[in-house]
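One structure is given below, encoded as structure tokens.
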Amino acid sequence: NPGGGTSRISAQCDMAFGGSAEISANILVNISAKGDMAFGGSASIQGAVRATVAMAFGGSALIGTVATGDVNMAPVNVLLIDIDDLGTDFFNAASALGVTPNLDRLRAQGMQFTNFWAAPLCSLCRARALTGLDAYRSGNLVGKNIINLTFAGPTGNWITKSMPGTRTKRGKWHISYVAGLSPGEIVDATTDGYDEYTGSIANLAIGAGLGDYSWERGSALRGFPATLAMSTVFATNDTFDMAINDIKNGEEFVSASFNAIHIPLNSPPNGQPYGTAYPTATGVTDDLKRDLLRHLDYRLGCLCDKAIENGYTVFVYCDNGTADAGKGTMFESGIRTPMFVLGNTVKKGTSTRLVQNTDLWGTIRWLRGCTDYTSAADSRVFVDEFIANQAVIQAARQFLTCDDGPFLGVAPDPATWRRAIRDIRWKLIDDPAGTPVRYFFDLVADPTEATNLYPSIPAGEATTAYDLLVANLQVL
């Protein structure tokens with residue numbers, strides 16, 4: 001660095017005598033220059049600017065934008081995977097039948113979180129992960145595609161905001177029920193969203209779409225016109241193909257959202273995995289869901305293995321409970337879903353720590369070297385739970401929270417607003433328009449939520465816990 005200081009340069013170079021070299025050091029100064037190399041290959045330079053590096057004998061360079069200020073000087077590449085409509089009960093039952101050998105292998109080699117809450121519905125879950133906010137704070141984004149605060153609440157930033165490096169989104173966006181929305185909004189500079197997006201804007205059968213083999217595929221690259229065109233590539237395969245290419249290319253943050261096992265349900269392509277022949281089936285059946293999950297398991301095994309091989313930290317979670325088996329409810333079958341973390345530095349084991357999908361926002365931003373990882377009101381960084389010898393960034397949460405509104409960017413109506421809260425043992429569901437209007441469960445003694453203790457709550461520990469949960473319910 002002729003201007004003094006040091007720079008972090010990571011390059012894969014073909015040497016005159018063969019082989020390759022990788023060079024890395026810390027960024028301490030901005031980089032704004034053209035670099036000449038006496039050998040070919042490619043370089044990845046991260047600094048506080050974006051520029052192009054020219055090679056004397058060809059090659060290419062990818063320059064990532066680094067957040068200004070006191071950043072984590074060793075950002076970790078991250079792959080975030082979410083699966084649609086796969087609740088814990090269905091997943092565990094499929095696993096017992098041998099449907100998910102790759103996911104079983106992967107979760108056994110990483111850190112599983114058994115007390116993880118997502119959301120009761122797909123779009124709610126995606127809005128929470130995107131902003132680090134419970135749904136009522138962000139306006140849920142449903143039908144909006146951008147942060148929309150038409151009522152009082154904190155301003156939410158996308159998980160990609162000022163994030164170091166390149167950021168790609170693949171697969172199902174689904175923070176809208178509206179067909180024909182421009183995929184360009186996902187890479188809109190006003191939200192500092194993703195640098196590139198490909199996938200289905202909403203459900204596969206929305207608009208002109210018919211299902212996994214005929215769906216509207218959006219495509220957008222920052223600075224270029226966005227497109228919508230019909231695709232006949234099986235939807236899981238399209239998301240997989242784009243995501244694994246991102247991993248091979250070293251994109252620093254990759255978010256891949258798979259439609260399976262959400263409706264419409266179409267039999268996967270035969271021979272994936274090798275030798276598998278899927279019966280031609282239609283309708284909504286558990287057998288067809290398991291076939292889609294078997295195919296997805298095959299693809300996720302390949303994708304996660306490649307990401308781990310390339311040094312990524314991988315998060316795998318599911319957005320809500322299984323359709324017709326809890327989805328749409330505040331019961332554990334609707335909001336408690338599988339979640340595990342993988343990677344070369346990730347501890348192996350099972351954690352009962354309370355974690356919800358808003359926590360992905362702060363945790364991933366910390367891993368990527370952002371400085372504002374504690375700024376989202378409903379997000380908690382939990383890296384100390386899965387990285388060995390990692391100091392605590394934020395104290396573990398005492399409660400999990402979830403709500404199912406509002407829709408279309410408006411404040412929830414207190415007369416119908418469903419909310420849920422739990423600690424490690426006790427759980428409260430508030431449903432003003434429901435019958436009954438409130439549920440209170442002892443999840444240790446009653447994990448299937450068969451016995452509602454409300455309103456005849458036993459005196460002592462149960463009453464104390466109930467009062468504490470009521471006092472900490474979300475409020476407008």
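Quantities reported herein were computed from a predicted structural model and do not represent experimental measurements.
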Any pair with a residue in [range] that passes ring pair (Phe, Tyr, Trp, His ring centres under 6.0 Å), sequence neighbours left out, goes on the list, sorted by first then second residue, please.
range: residues 318-360; value: F331-Y439
range: residues 95-115; value: F113-F382
range: residues 283-326; value: F116-Y317, F234-H295, F315-F386

What residue pairs, at least two apart or across chains, pass salt bridge (Lys or Arg N to Asp or Glu O under 4.0 Å) with a residue in [range]?
range: residues 258-281; value: none
range: residues 231-245; value: R217-D238
range: residues 347-357; value: R353-D384, R353-E385

Looking at residues at least two apart in the chain, or sitting in another chain, which of them share a side chain to side chain contact (heavy atoms under 4.5 Å, CB included) with [X]?
X: A450; answer: D446, T448
X: N102; answer: R105, D297
X: I424; answer: N115, L354
X: T276; answer: P273, Y278, R294

Quiz item: Parallel, tilted or perpendicular: which fits the ring planes of W173 and W158, with parallel below 30° and perpendicular above 60°?
Solution: tilted
Quiz item: What residue among N77, N245, T168, T166 forms side-chain hydrogen bond (donor to acceptor under 3.5 Å, both in side chains) with E251?
Solution: T166
Quiz item: So, are R418 and D404 salt-bridged, with charged N and O less than 4.0 Å apart?
Solution: yes
Self-check item: side-chain hydrogen bond (donor to acceptor under 3.5 Å, both in side chains) against T239, all qualifying residues, sequence neighbours excluded
Solution: none
Quiz item: Does a donor on one side chain sit under 3.5 Å from an acceptor on the other, for K289 and T322?
Solution: no
Quiz item: Can you tell me if D359 and T363 form a side-chain donor-acceptor pair at under 3.5 Å?
Solution: no
Quiz item: For K427, what residues pass the salt bridge (charged side-chain N to carboxylate O under 4.0 Å, His left out) criterion, not counting sequence neighbours?
Solution: E332, E449
